[in-house]
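Since the structure comes first, as structure tokens, the remarks are kept for the end.
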Amino acid sequence: MFDSLQDRLGSILNGLTGRGALSDKDVSAALREVRRALLEADVSLEVVRGFTDRVREKAVGAEILKSIKPGQMVVKIVHDELVATLGETQVPIDLNAPAPVVVMMVGLQGSGKTTTSGKIAKRLTERQGKKVLMASLDTRRPAAQEQLKVLGEQTGVATLPIIAGQGPVEIAARAEQAGRLGGYDVVILDTAGRTHIDEPLMVEMADIKARTRPHEILLVADSLTGQDAVNLARSFDERVGITGIVLTRVDGDGRGGAALSMRAVTGKPIKLIGVGEKMDALEDFHPSRIADRILGMGDIVSLVEKAAENIDAEKAAAMAKKMQSGKFDLNDLADQIGQMQKMGGMGGMMGLMPGMGKMKNQMAAAGLDDKMLKRQLAIISSMTKAERANPDLLKHSRKKRIAAGSGTSAADINKLLKMHRQMADMMKSMGKGGKGGMMKQMMGGLAGKMGLPGGGMPGGMPDLSKMDPKELEALAKAAQSGGMPGMPKGLPPGFGGPGGGMPGGFPGLPGLPGKKK
Amino acid sequence: MPDDAGFRLREKPADPAPAAPAPRISWAERLRQGLARSSNQLTGSITSLFTKRRLDEDTLQDFEDILIQADLGVETAMRITDRLSEGRYGKEVSGAEVRRILAEEIEKTLQPVAQPLELDLEKKPHVILVVGVNGTGKTTTIGKLAAKLTRGGLKVTLCAGDTFRAAAVEQLKIWGERTGSEVIAKQIGADAAGLAFEAYDRAVENDSDVLIIDTAGRLQNKAELMAELEKINRVLGKREPDAPHTVLQTLDATTGQNALNQVEIFRNVSGVNGLVMTKLDGTARGGILVAIAAKHRLPVYFVGVGEGIDDLEPFKAKDFASAIAGTEAVSAP
Ligand SMILES: Nc1nc2c(ncn2[C@@H]2O[C@H](COP(=O)(O)OP(=O)(O)OP(=O)(O)O)[C@@H](O)[C@H]2O)c(=O)[nH]1
Ligand SMILES: [Mg+2]
């Protein structure tokens, strides 16, 4: 459904190569596609208009560099403008005020305020050593106060005792007082969800603010929000003056255009993003990732980062060596599968790649799911050491034994062995491969080998192998400045720039881009 | 369907009453009020667009933009714009006429899906499974629906199948009290499918007409969570092959294009056969429902227009369409 913007622009602008600069006409044609891509990503129309105007200004007359295609050029300009609009720098929650610092959470019903309150409290407690008190002012939704209390118990954060019959403003005042008397550093006020045209409730929200003078007022908004994002962000900002935005459900497969809309109309920074239901699923906001996502280009950087966090450096280095020597036994395959599981399994990885919804269904239909990963690991762990190191040993009787031991069938084992053989072949050729080619094979070839239809991803990602080395380097730098904790050093050459790119030993990624259809 | 006008359940005094505007007005009226701000915008822009204006490319583009702002999505907006231009291209068209055509086109798509929820009481209990993304309004809709059904003289049992989210059980229990329905629940972390199975037996035992099963909210791209949902269907099928008879999915009107994906996947995994659109009391117009209706043709039974027990209304294609198109505001400038 979603073609990446780059593909669309490619078909419009490819004829232009070598013609100096982008003309007004070229840019107009391109901007129609940009506009559509943004709208499909749920960016609000008024924001799209302003945005395309700015891009037009920058793009008309821009020199087309020899090494890249005009389509890529426009994508780059669009991407940069997106990042600039989303806010280049990471703005953390500001606690620079006399204790207790009051943080007030506001937003529509069901946007995720309570969960986010719990997550922020946990983060401030654990990472910054703050003493945090949470209070629910939601006296409307059944059991809302109870919900926050339970989250407090789960995360070990104090919650204000519930007193039945108190109204939101009273509770807020009590929380602030308890925060002061109890020596708390931070008091988080979780308010009830409200629609921004519900006048009495908007007044109530302003009253809570007047009473507690919050230092931070965070608008919690669903990243799946459509065109209404501008209205709601503007209304909340006008009524209480928000200090920042927290985007939730970023782990969904929406394109997240609401982020751009809300940032553009309020000018307030997106401070954090929610990426799961667990209490630690809260991350810093990286504009370029959301920009890629809005453009339908796949969240490469965050995938790389996540891989880097989960794959331990030593193993990666060992794997890299092995790859160079072309050796890849079943132990290595088991490692690969284990790493995929650590990254949240198939679902988790797919979740990072927008536009993968369809693909996932196909994969599920092909039996390629987390159950399969488990089954494969079970098979490998039922093998002897010798068998794992030398799969050629696996003849009929051994297979029978392994099938019984792992609760699978001989057919399952054969499938696994076939996949392993193909992957091993791939490793060998990659060991020999040159720079760009290697990347391409890594990202694309294996998908086909793992039995994925087409081996490609509908959304498409920029074909890294077609980028020139400078761009790859830039990508790697961007990845680094985005903070890549635990990024293994000393990767084999050809991984796209110094220290960046894909972590070693990660060839098993299914579904990364192959050829476009 | 029971007539719910002028009948409310009494609430316990300690329990803050959910806000429901009094006096009661029709959902269409409320919907229109909720939409007033953006509809006015819409009406205003269409009017300015089409007073003394020829239907040319630019005009059509502007018109398409207006539909896009209602979350209809680029494709659906283009489809409707194309129909608008058929036979009218180059002619002068008035604002009122455009609104009328717009409402008609939207209504045409929505009419076939505007159906009442039919309960097959031969099957006792009739099992309704409620699914959807987090925070879209499942539990609240269950509460409102239970109120409607019990008022119509049906005996309802609720199953607290959200065994994941903190205090989800307590939330449903309060709705159980409000509607006088028995709630079957277990501790957090219990197996939802197992609980649904037990709730079915209990509903047979207590002679319920309807069993409504709540589920934990989940994003449709989480394969493992979706598999758990599938398991509920499987397990229920062991007791009664046709159960769940109705699988309702809640959609939040503020959601943009992703709602299409939501329906697609929930339908595949859990056999959704009816929709409820919630939160139409805000300024979001829920236009994605037009695209969903065109693509999936799933019945839309109800719309949620507030947090109160009465804020669930039958879905009416004409009202929805005219609320989007602003046809009621013809007299405006
Ligand atoms: N304004 C408005 N709010 C609604 C409507 N329906 C539900 N809500 C509110 O939306 C929020 C989420 O509703 P829930 O019923 O808890 O949603 P859910 O899908 O059960 O949520 P989870 O179980 O957490 O996934 C609550 O604050 C409800 O009061 C509606 O039609 N209009
Ligand atoms: Mg619920």
Side-chain angles (χ1 to χ4, degrees), chain A residues 36 39-42 44-46 108-112 114-115 118 139-151 154 164-165 195-198 200-201 222 224-229 231-232 235 249 251-255 257-258 277 345-347 350-351 356-357 360-361 364 369-371, chain B residues 14-16 18-19 34 36-38 65 68-71 73-74 133-137 139-140 143 164-175 178 188 218-225 227 252-259 261-262 264-265 268 278-279 281-285 287-288 307:
Chain A
R36 182 168 181 159
L39 289 172
E40 279 173 356
D42 285 325
S44 300
L45 186 67
E46 61 167 279
L108 297 182
Q109 288 96 343
S111 60
T114 308
T115 309
T139 56
R140 295 163 50 81
R141 210 205 67 196
Q145 292 175 281
E146 182 71 20
Q147 185 187 350
L148 190 71
K149 184 179 149 213
V150 173
L151 292 184
Q154 277 174 16
T195 48
H196 51 272
I197 50 169
D198 188 326
L201 286 187
D222 188 340
L224 307 176
T225 306
Q227 295 284 321
D228 200 39
N231 301 328
L232 82 93
S235 306
R249 275 167 234 156
D251 52 324
D253 57 5
R255 303 275 294 274
E277 296 186 60
M346 294 276 191
M350 296 287 127
M356 291 296 278
K360 242 168 64 189
N361 289 350
D369 54 15
D370 294 330
K371 268 191 220 121
Chain B
D15 203 9
R37 215 150 103 176
S38 26
D65 285 355
I68 285 168
Q69 276 183 299
D71 279 323
V74 180
V133 166
N134 319 62
T136 48
T139 309
T140 309
F164 178 81
R165 209 207 67 198
V169 174
E170 286 76 5
Q171 186 185 356
L172 192 72
K173 277 188 176 162
I174 292 173
W175 282 108
R178 286 179 181 174
I188 283 292
R218 66 202 76 213
L219 285 165
Q220 75 277 9
N221 64 337
K222 310 262 164 177
E224 277 149 72
L225 297 180
D252 183 331
T254 51
T255 306
Q257 302 306 301
N258 193 248
N261 266 13
Q262 294 179 10
E264 170 132 14
I265 295 181
N268 286 346
T278 63
K279 307 186 197 174
D281 48 323
T283 53
R285 275 166 269 165
I288 191 64
E307 295 181 85

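Convention: sequence-line order gives letters A, B, ...; per-chain numbering from 1.
Counting only N and O atoms by type, the side chains of B/Asn258 and A/Asp42 include no donor and acceptor under 3.5 Å apart.
The pair A/Arg140-B/Glu307 counts as a salt bridge, with a side-chain nitrogen and a carboxylate oxygen less than 4.0 angstrom apart. The pair A/Asp228-B/Arg285 does not count as a salt bridge, with every side-chain nitrogen at least 4.0 angstrom from each carboxylate oxygen.
Within the 4.5 Å cutoff, side-chain heavy atoms of A/Asp253 are placed close to those of B/Asn261. In this structure, the side chains of B/Leu219 and A/Glu277 stay at 4.5 Å or more apart for every pair of heavy atoms. Looking at heavy atoms from C-beta onward, A/Leu224 lies in side-chain contact with B/Gln262 at the 4.5 angstrom threshold. B/Thr278 places none of its side-chain heavy atoms less than 4.5 Å from the side chain of A/Gln109. With a 4.5 Å cut-off on side-chain heavy atoms, A/Asp222 and B/Thr254 do not count as touching.
Checking side-chain atoms of B/Asp71 against main-chain N and O of A/Gln227 turns up a donor-acceptor pair under 3.5 Å. The backbone N or O of B/Gln171 lies less than 3.5 Å from no partner atom in the side chain of A/Arg141, so there is not a single donor-acceptor pair.
Of the inter-residue distances, the one linking B/Ile68 atom CD1 with A/Arg36 atom CZ reads 8.5 Å to the nearest 0.5 angstrom. Between the CD atom in A/Glu46 and the CG atom in B/Asp65 there is a gap of 12.0 Å [rounded to 0.5 Å]. With values rounded to the nearest 0.5 angstrom, A/Thr114 atom OG1 is found 7.5 Å from B/Arg165 atom CZ.
When all heavy atoms are compared, the tightest approach of A/Thr195 to B/Gly282 is CG2-CA, 3.9 Å. The shortest heavy-atom contact between A/Ala143 and B/Glu170 is CB-CB, 3.6 Å.
If you measure heavy-atom distances from A/Ser44 to chain B, you find no contacts under 4.5 Å at all. Neither the backbone nor the side chain of A/Leu232 comes within contact range of chain B; no heavy atom of the residue lies under 4.5 Å from a heavy atom of that chain. Interface residue B/Val133: only side-chain heavy atoms are found under 4.5 Å from chain A. B/Ile188 does not touch chain A: none of its heavy atoms, backbone or side chain, sits under 4.5 Å away.
Ranked by heavy-atom pairs under 4.5 Å with chain A, the list B/Ala259, B/Ala253, B/Ala166, B/Ala168 is led by B/Ala166.
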